[in-house]
Amino acid sequence: MPLYEVSFTASPSGWRYGIKFAYSISMENLLLCSHNPILVKSLYGPLRDEGYSVEVVDHPALAVQMTLRWNYAAIIIDSESFGLSAGEAIQIIRAVSPDIPVVIIGDTGHSMEALSIGNPIDLEEFKQVIHDIGHVHHHCNSLS
């Protein structure tokens, strides 16, 4: 969900605008970043079936841009990225939105401020991790 939406419409008396604010972070919105179509297909459907709204981007730089514009319950990044690395994207996301949980898929090769899930993915375990993140993230936001 965007942090806010602005709409403009023409009327006989001039331009009218409306601003709609997002008042809370939805625990349903996830961002999935991977250029691997097989990984996207294997995660998108099951997450959607679990009731999550999943947005998909294919490049870590786009994930950073999306994080600046929308609130997510969690961000899932494929470690096998190109261009901006997954590690660089996580560092930027942490600087901008330190409270958003980040899950990296695959071998990171080094320690990052993210949960790491190995490849191949155990789908049931992955869904449980995402479910648990949503509850912890929601609880932490309720306390602040």
Side-chain angles (χ1 to χ4, degrees), residues 1-10 15-144:
M1 174 183 297
L3 299 175
Y4 61 90
E5 291 179 13
V6 179
S7 60
F8 294 94
T9 55
W15 285 96
R16 303 184 133 232
Y17 68 92
I19 301 175
K20 181 176 158 184
F21 290 94
Y23 294 107
S24 64
I25 297 174
S26 170
M27 293 301 104
E28 305 287 315
N29 296 330
L30 302 175
L31 178 62
L32 173 59
C33 175
S34 177
H35 69 277
N36 179 341
I38 295 170
L39 179 64
V40 170
K41 285 182 181 182
S42 68
L43 298 180
Y44 180 84
L47 289 171
R48 186 195 60 226
D49 293 347
E50 291 289 316
Y52 294 101
S53 171
V54 182
E55 293 187 59
V56 178
V57 295
D58 62 355
H59 196 281
L62 292 173
V64 170
Q65 290 176 7
M66 298 290 283
T67 302
L68 294 172
R69 297 178 62 192
W70 284 275
N71 289 320
Y72 295 99
I75 301 167
I76 304 154
I77 299 178
D78 185 356
S79 66
E80 307 251 343
S81 57
F82 59 93
L84 182 68
S85 74
E88 293 165 331
I90 290 169
Q91 287 177 339
I92 295 168
I93 290 167
R94 283 279 170 249
V96 174
S97 301
D99 296 332
I100 297 177
V102 177
V103 177
I104 189 161
I105 297 172
D107 184 26
T108 62
H110 53 11
S111 175
M112 289 189 212
E113 294 183 27
L115 294 168
S116 180
I117 295 180
N119 225 345
I121 297 170
D122 177 336
L123 198 50
E124 291 305 313
E125 178 185 359
F126 177 75
K127 289 190 296 187
Q128 187 62 47
V129 166
I130 297 300
H131 181 272
D132 292 347
I133 285 173
H135 285 294
V136 169
H137 187 66
H138 176 70
H139 178 71
C140 289
N141 282 335
S142 298
L143 296 175
S144 55

Atom OG1 of Thr67 and atom CG of Leu62: how far apart are they, to the nearest 0.5 Å? 10.5 Å
Arg48 meets the salt bridge (Lys or Arg N to Asp or Glu O under 4.0 Å) criterion, sequence neighbours left out, with none
What's the spacing between His59 NE2 and Ile77 CD1 if we round to 0.5 Å? 11.5 Å
Tightest non-hydrogen contact, residues His35 and Asp58, listed as CB-O, 3.5 Å
Can you see which heavy atom on Pro60 is nearest to which on Ala86, and at what distance? CG-N, 4.5 Å
With Asn36 via side chain to side chain contact (heavy atoms under 4.5 Å, CB included) - residues at least two apart: Ser34, Ile38, Leu39, Asp78
How would you list, by chain and number, every residue that makes a side chain to side chain donor-acceptor pair (under 3.5 Å) with Gln65, sequence neighbours excluded? none
A side-chain contact here means heavy atoms from C-beta on lying under 4.5 Å apart; do Ile105 and Leu43 qualify? yes
Tell me every residue that passes salt bridge (Lys or Arg N to Asp or Glu O under 4.0 Å) with Glu50, counting only those two or more places apart in sequence or in another chain. Lys127
Smallest heavy-atom separation, Ile133 atom then Ala74 atom, equals CG2-CB, 4.0 Å
CG of Leu30 to CD of Glu28: how many Å apart, nearest 0.5 Å? 8.5 Å
Does any part of the side chain of Tyr44, heavy atoms only, come nearer than 4.5 Å to the side chain of Val56, both counted from C-beta? yes
Looking only at heavy atoms, the pair that brings Pro46 and Leu123 closest together is CG-CD2, 3.5 Å
Would you give the length of the straight line joining atom CD1 of Ile75 to atom CD1 of Ile90, rounded to the nearest 0.5 angstrom? 9.0 Å
Gln91: what forms a side chain to side chain contact (heavy atoms under 4.5 Å, CB included) with it, not counting sequence neighbours? none
Would you mind reporting whether Phe126 and Ile76 have side-chain heavy atoms less than 4.5 Å apart? yes
Please check if the side chain of Ser97 supplies one atom and the backbone of Ile93 the other of a donor-acceptor pair under 3.5 Å. no
Distance-minimising heavy-atom pair for Pro98 and Ala95: CD-O, 4.4 Å
Do Asn29 and Glu55 make a side-chain contact, defined as non-hydrogen atoms from C-beta onward lying under 4.5 Å apart? no
Spacing of CD1 belonging to Ile130 relative to CG belonging to Leu47, to within rounding of 0.5 Å: 6.5 Å
At their closest point, which heavy atom of His131 faces which heavy atom of Tyr52, and how far apart are they? CA-OH, 3.3 Å
